[in-house]
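What follows is a set of notes on a single structure, which appears directly below.
In what follows, chains carry the letters A, B, and so on, assigned in the order in which the sequence lines appear, proteins first and then strands, with residues in each chain numbered from 1.
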Amino acid sequence: MEQPQRLILRFELHGDAPVNLDDVIPVFHGWIQNGRLSTMLIDVADYKHVEASPGVVLIGHTDDCGIDNGLPRTESGQGFHYTRKHARLADEASFLERLRQLWTNALEAAEALEQEAGLGVSINPGRLQLMVPDRLRYAFTEANVQAVAALVQEWLAEVFGSAAVTVSHPGIDERLPLTLTVAVAGEHSVASVQASGN
Amino acid sequence: MANSWKSALQDQIPESWAQEVDTFEGQMGLVFNGTLEDKVFAETRLRRGVYGQRYDNGKRHDGIREQELNFPSGEAVKGPDTFWDAPGMQRIKIPWGGLKPDQLEVLAALADEYSDGILHITTRQDFQLHFVHVEDTPDLMRRLAAVGITTREACGNSVRNVTACPLAGVCRTEEFDVTPYADALTFFLLGHDDVQDFGRKFKIAFSGCEHEACGLVSMHDLGFIARTEVRDGRTVRGFDMYVGGGLGAVPHQARLLQAFVSEEEILPLSQAVCRVFARLGEKRNRNRARIKFLVAKLGMEEFSRLVFEEREILPHDDRWTSYLDGLEGFTEQPVRQPIAIEYGDSDPEYERWFATNVYRQRQGGFSVVHVALPLGDLTVQQSLDLADIARKYVGDHIRTTVEQNFVLRWVADQDLRDLYADLKAADLATAWAGSIADITACPGTDTCKLGIASSRGLAGELGARLAQQVEELPPEVQELKIKISGCFNSCGQHHVADIGFFGNSRHRNKRTVPHFQVVLGGQWQENAGSYGLAVGAVPSRSVPEVLTELTNRFHTDREDGESFQSWVDRFGKKNIRELLKPFTQIPLYEDSPQFYSDWGDPREFTTGDIGVGECAGEVVSLFTLEIARAEAEVFEAQISMDDGRHSEAYAGAVQSMVLAARALLRGQTVDITNDETEIVAEFKSRFYDTELFFDRFAKGKFGQYLFKHHRQRVEDPDAVAAHETIEEAYLFIEAAHACDGRIAAAATPTTGGIQL
Ligand code: HEM
Ligand code: SF4
């Protein structure tokens, strides 16, 4: 399968209490100050004034992450999103390898965010969405959904072992990036996933 | 499956646009390998809307210290002191703000594939994407071109987006619909040879009438106000043409160049204005290079004499009037016809929205709906929702506004409630469009290299507070306009707001405190009829209180029917200063550290991040710009050669010689088309026959290469022929550089003042 130019993971948060996005801004600035993540960080973009938007985003050279203010047109709460801009890496990594990199980096950031005690963020790695913003290679079609879903199964089996992984999609719209919704059976936390060594 | 956007879209992009993007991509290759000078590439990319962004010089103050941003591409740059890998901004020109649903869908796709998922509307009806990598821009441009959008001349020293009143065609006070005229002038001047050699940017606007805000003609370099006259019993159309307006640090009001210029004459007269500006406008000192300074220097009488003299000698161009045949094509058709229905009660939220966001069209039974966006931002999903809503209710009739909103035109009145419900589901039904709560702001310190204080941070804060209170405010306060710029350059148009702010800073005890200068009483109506008055700077953190104080005082002190402008005049600058005085105090850092950081940015404030702004690039000579195209062409030819595409390689190599010859001609401001035969003939008579092009040793040999291929193309060129021609092209281009160098040297006086 061709390499996608970028990938986005979005995790749901545990619990109902909303994260105050105003508080996320200084956290991200702090991360830039002390090089908290292993990727190159640049700046913080603030879109909290826009409903169902990416919220507050930490912009990096290859990776962005942030806490959003909910998904559009759903009752969903906030999420933690992580983008990897593979086009910037120009490496030969396969789609599957890119998913693995994305996972590793996203979990690093998720763990760092949970450690920010003042925010009270708890991320659920067992409830996620994968987006493939690459309409040239991966238009949001039934065929591509099938192909990517199979890959996702293969990849998440590495992470979650035998736990059942259900992959669905929120409804085909070719104007959107290909989007898969994933639910992993059982209870999961960033710590439990990290501890399992994957 | 196509493996690139270039091949996927090849049948959908007009050939000349495709060629332009290919050339630009070629130039990127050249700059990356060090062949193309960075400052030339900077102006080239700016002319394609590819802007620099804050911190692209590789330095960023993180609140504690200045950090180096070590971009992986190392020392590679895309302009002077502008790192290759640094995220940048892409401006996307939307002539007269006219937008179709399919275009909005592509913009949305670009936002999530190349930017950070947000589309932003600017103060000149354009879009911007931020945090875009320069290497993604050619594909981004191709995808736009496939839906009829070009980014050409969105920035740089060029004709910027031609704006027009978003109500054009449906407005109750207009003379006639200015849309087709704005469109005609846009595409007439786009890429026109006469607008390539400006010392500065050039902004044009159209208005349908004189007294509303409409196109804000008075603050433009060139402005048009629609007029009709009855001649021989027939109503004829024309425009009052204004020239020399502009905001910026030194704002000027445009002045009348000529009343009632007929519709047949507006294109040639604009062309004449451009020629005079290109010829006589300041090129070295960019602070004095806008046309407003030229008009001021020459005086209107002399300036207009020169323009009309130039008009007389312009070579005829059919396009001056051919657009008139297409006027009808701009007549908009509603997708739904109005029908009368009786409504029951509706909810107060809808009523509120109806009262503030809906404008009754001239055409009975139809309305314009304002879609108010916070800070001009919207998400990918909202863009798609809006595209769907537009298709359902109004078809193609979306426009962007200079207040960073959308309007939907031709909504049949019976659809308003359903439309409202659909907008609401997309979080796009915010009421109070155009009111005090609907604040305009430039990018400011969020992304702009020149930003001093956070215009968006302040606008976000004021907007959030006002949204809570607006309902309770007195009507004369509700209708005030607030506009905010991050510095004196006034991209947020603070001069034409009732209450404007622009960012600056003050020092206190070895620390810097973000401030905003308060600018009061600017006029939005009358096409931005007068500019506001600066009354003093206050700390950024005190602005909300300042706003409360000002609006309260206006409310209590106001005489019946008095406008804010008149009140400011009457109340007087001195009194206003007194009013603001308590708010100018800066508390000690130890007491209120928040005063030492900006809205939405917890870093301790610094002005150290201000860079060299890309207001436009440096002034680069016409020869330099054009020869860069020739170099990109031969570079592409080399790539075709390496891929075994010999015919393409050969054709590209010859074309690069033609472009190089054209570059020399353009450098001498010769009027020249793109016609190869004409270029070769002119080149021959001006550079070859005069021996200007001759090399000391090779004499006319390099020139002969062009003549040879022009006389007869090699049929079915093989690798050898293609390779040889590429070599010839390189030599020809080198000779063109040398020739330009000799001409420049001859024109430069030595220190002794003796002409060589
Ligand atoms: C010396 C440099 C600059 C000057 C004098 C300047 C001045 C202006 C003025 C007067 C306007 C708007 C009002 C109008 O004419 O309609 C404008 C528009 C704008 N400027 Fe600037 N500007 C400068 C550099 C920048 C930079 C570095 C940025 C940030 C990237 C920027 C962002 C904008 C934006 C977003 C708009 C609305 C844009 C459009 O669609 O054309 N400006 N500029
Ligand atoms: S007004 Fe200043 S801060 Fe705002 S965009 Fe213009 S140059 Fe940048």
Top contributor to chain A interface from Asp446(B), Thr447(B), Leu428(B), Leu375(B) [non-hydrogen pairs under 4.5 Å]
Leu375(B)
Honestly, the part of Pro87(B) sitting under 4.5 Å from a heavy atom of chain A is side chain
Where on Ile59(A) is there a heavy atom nearer than 4.5 Å to chain B: the side chain, the backbone, both, or neither?
side chain
Need one label for Asn70(B): side chain, backbone, both or neither, based on atoms under 4.5 Å from any heavy atom in chain A.
backbone
Let me confirm one number: the CG-CE distance from Asp112(B) to Met131(A), rounded to the nearest 0.5 Å.
9.0 Å
Polar side chain donor-acceptor pair, His29(A) to Asp62(B), under 3.5 angstrom
no
Which atoms form the tightest heavy-atom contact between Ser4(B) and Leu136(A), and what is the distance?
CA-CD2, 3.7 Å
Working note: Arg135(A) + Glu113(B), criterion salt bridge (charged side-chain N to carboxylate O under 4.0 Å, His left out); need CA distance, chi angles, decisive distance, verdict.
CA-CA 8 Å; Arg135(A) 291 166 183 78; Glu113(B) 288 192 34; 2.7 Å; yes
Please flag which part of Arg54(B) lies under 4.5 Å from any non-hydrogen atom of chain A: side chain, backbone, both or neither.
neither
Write down the atom of Pro26(A), the atom of Pro602(B), and the distance for their closest heavy-atom approach.
CA-CG, 3.6 Å
Distance, nearest 0.5 Å, that separates CD1 of Ile64(B) from CD1 of Ile32(A):
11.5 Å
Heavy atoms under 4.5 Å from chain B: which residues of residues 110-130 of chain A carry them?
none
Geometric class of the His133(B)/His61(A) ring pair [parallel <30°, tilted 30-60°, perpendicular >60°]
tilted
Under a 4.5 Å heavy-atom cutoff, which of Leu378(B), Asp601(B), Thr430(B) has the most pairs with chain A?
Asp601(B)
For the atom pair OH (Tyr47(A)) and CZ (Arg456(B)), what is the distance rounded to the nearest 0.5 Å?
6.5 Å
Residue among Ala52(A), Pro133(A), Ser53(A) with most heavy-atom pairs under 4.5 Å to chain B
Pro133(A)
In chain order, what residues pass the side-chain hydrogen bond (donor to acceptor under 3.5 Å, both in side chains) check against Asp388(B), with sequence neighbours excluded?
Arg175(A)
Separation between NZ of Lys85(A) and CZ of Phe131(B), rounded to the nearest 0.5 Å
8.5 Å
Which heavy atom of Gly600(B) sits nearest a heavy atom of Ile25(A), and at what distance?
O-CG2, 3.7 Å
Interchain contact, Leu41(A) with chain B, by part (heavy-atom threshold 4.5 Å)
backbone
Answer with side chain, backbone, both or neither: which region of Ala426(B) has an atom nearer than 4.5 Å to a non-hydrogen atom of chain A?
both
Whether the side chain of Arg60(B) engages the backbone of Asp43(A) through a donor-acceptor N/O pair (distance < 3.5 Å, no angle test) should be reported.
no
Gap between atom CZ of Phe71(B) and atom CE of Met40(A) - 0.5 Å precision
4.0 Å
Could you have a look at Val44(A), Leu176(A), Val57(A) and say which one has the most heavy-atom pairs with chain B under 4.5 angstrom?
Leu176(A)
Output for pair (Glu51(A) CD, Asp377(B) CG), nearest 0.5 Å, gives 13.0 Å
Backbone N/O of Gln33(A) and side chain of Arg65(B): donor-acceptor pair under 3.5 Å
yes
Of all heavy-atom pairs linking Asp116(B) and Ala45(A), the shortest is OD2-CB, 4.1 Å
